[in-house]
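Hydrogens, waters and symmetry mates are skipped; everything else that's a heavy atom, side chains included, is used. This is a predicted model, so every value here is computed, not measured.
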Amino acid sequence: MRPASCPCGLAGSYAACCGRFHDGGLAAPTAELLMRSRFSAFAVGDTAYLLRTWHPETRPRRLALDPGQEWTRLEILGRTGGGLLHAEGTVEFRAHYRHHGRDGFLEENSRFRRADGQWVYLDADA
């Protein structure tokens, strides 16, 4: 089921925000928007989008999401590069979730790179 408002936290509907990237009609123009759209893909269970936006060098062969985990909120903590004129960038974030009734969060500094002109997730900066 697709949500009315976008899980990524930006104002607007899911269809007008991250849904437009998930549907394959548009590519995220910045690393931050790709990060937000990937969070939303986790929230709505869109594994095809997650795999499609993963760098070919680090992409897993398949991806199974935990049905007991609900992604509830995203905070962007910082970013470097990742703009329209960049080839690489990072987005530091805190992703909040509920797993089997318990609240938690994941903090990561994700690295993004352009592949074939489109932003893709590379890996987490150690």
Side-chain angles (χ1 to χ4, degrees):
M1 182 176 156
R2 302 295 186 182
S5 60
C6 196
C8 83
L10 292 177
S13 70
Y14 167 76
C17 192
C18 292
R20 64 194 168 133
F21 303 132
H22 294 176
D23 292 340
L26 293 172
T30 66
E32 181 181 334
L33 285 176
L34 180 64
M35 172 61 237
R36 288 179 176 280
S37 69
R38 286 178 56 83
F39 174 84
S40 291
F42 275 101
V44 301
D46 190 344
T47 56
Y49 181 78
L50 291 167
L51 290 170
R52 188 169 68 244
T53 57
W54 211 308
H55 196 281
E57 293 176 8
T58 57
R59 178 187 309 135
R61 290 176 52 177
R62 58 184 165 265
L63 180 64
L65 301 180
D66 183 345
Q69 189 156 358
E70 174 189 3
W71 295 95
T72 58
R73 185 168 57 96
L74 177 66
E75 294 176 79
I76 302 298
L77 305 174
R79 69 189 71 70
T80 62
L84 298 175
L85 302 176
H86 298 112
E88 296 184 345
T90 66
V91 179
E92 184 180 3
F93 67 91
R94 183 178 298 129
H96 296 262
Y97 62 84
R98 178 168 287 242
H99 189 255
H100 297 295
R102 302 184 98 177
D103 291 332
F105 65 88
L106 165 74
E107 268 189 24
E108 183 176 298
N109 192 24
S110 293
R111 296 190 316 152
F112 296 89
R113 183 176 291 162
R114 287 194 189 265
D116 296 325
Q118 309 226 348
W119 285 108
V120 291
Y121 169 76
L122 181 62
D123 59 17
D125 195 8

Please list, one pair per line, the donor and acceptor atoms closer than 3.5 Å that link side chains of residues 60-69 to other protein atoms, with sequence neighbours excluded.
from: Asp66; atom 1: OD1; to: Gly68; atom 2: N; distance (Å): 2.8
from: Asp66; atom 1: OD2; to: His99; atom 2: NE2; distance (Å): 2.6

Interatomic distance, CZ@Arg94 vs CZ@Arg73, rounded to 0.5 Å, equals 8.0 Å
Work out which heavy atom in Arg52 is nearest to a heavy atom in Val120; give both atom names and the distance. O-CG1, 4.5 Å
How long is the straight-line distance from CH2 of Trp119 back to CZ of Arg113, given to the nearest 0.5 Å? 10.0 Å
Return the set of residues passing ring pair (Phe, Tyr, Trp, His ring centres under 6.0 Å) with Phe21 (not counting sequence neighbours), or none when no residue passes. none
Is it the case that the side chains of Glu108 and Ser110 hold a donor-acceptor pair, with the cut-off being a distance below 3.5 Å and no angle test? yes
Pro3 and Val44: which non-hydrogen atoms are nearest, and at how many Å? CD-CG1, 3.5 Å
Under 3.5 Å donor-acceptor, Ser37 side chain and Leu34 backbone: yes
To the nearest 0.5 Å, how far apart are CD in Gln118 and NE2 in His55? 12.5 Å
Check the orientation of Phe105 and His96. Use parallel for under 30°, tilted for 30 to 60°, and perpendicular for over 60°. tilted
Less than 4.5 Å apart, side chain to side chain, heavy atoms only: is that true for Glu32 and Phe112? no
Applying the 4.5 Å side-chain criterion to the ILVMFWY set and letting contacts propagate, would Leu50 and Trp71 be lumped into a single cluster? yes
Applying the side chain to side chain contact (heavy atoms under 4.5 Å, CB included) test to Phe93, which of Asn109, Leu77, Leu74 qualifies? Leu74
How long is the span from the NE2 atom in His100 to the CZ atom in Arg98, to the nearest 0.5 Å? 12.5 Å
Donor-acceptor list for residues 6-19 side chains, cut-off 3.5 Å, not counting sequence neighbours:
from: Ser13; atom 1: OG; to: Ala16; atom 2: N; distance (Å): 3.1
from: Tyr14; atom 1: OH; to: Arg2; atom 2: NH1; distance (Å): 3.0
from: Tyr14; atom 1: OH; to: His22; atom 2: ND1; distance (Å): 2.7

Taking ring pair (Phe, Tyr, Trp, His ring centres under 6.0 Å) as the criterion, tell me which of Trp54, Tyr49, Phe42 meets it with Tyr121. Trp54
Consider side chain to side chain contact (heavy atoms under 4.5 Å, CB included). Of Val91, Thr80, Asp123, which one does Arg111 pass it with? Asp123
Tell me whether Leu106 shares a hydrophobic cluster with Leu122, the cluster being built from Ile, Leu, Val, Met, Phe, Trp, Tyr side chains joined at under 4.5 Å. no
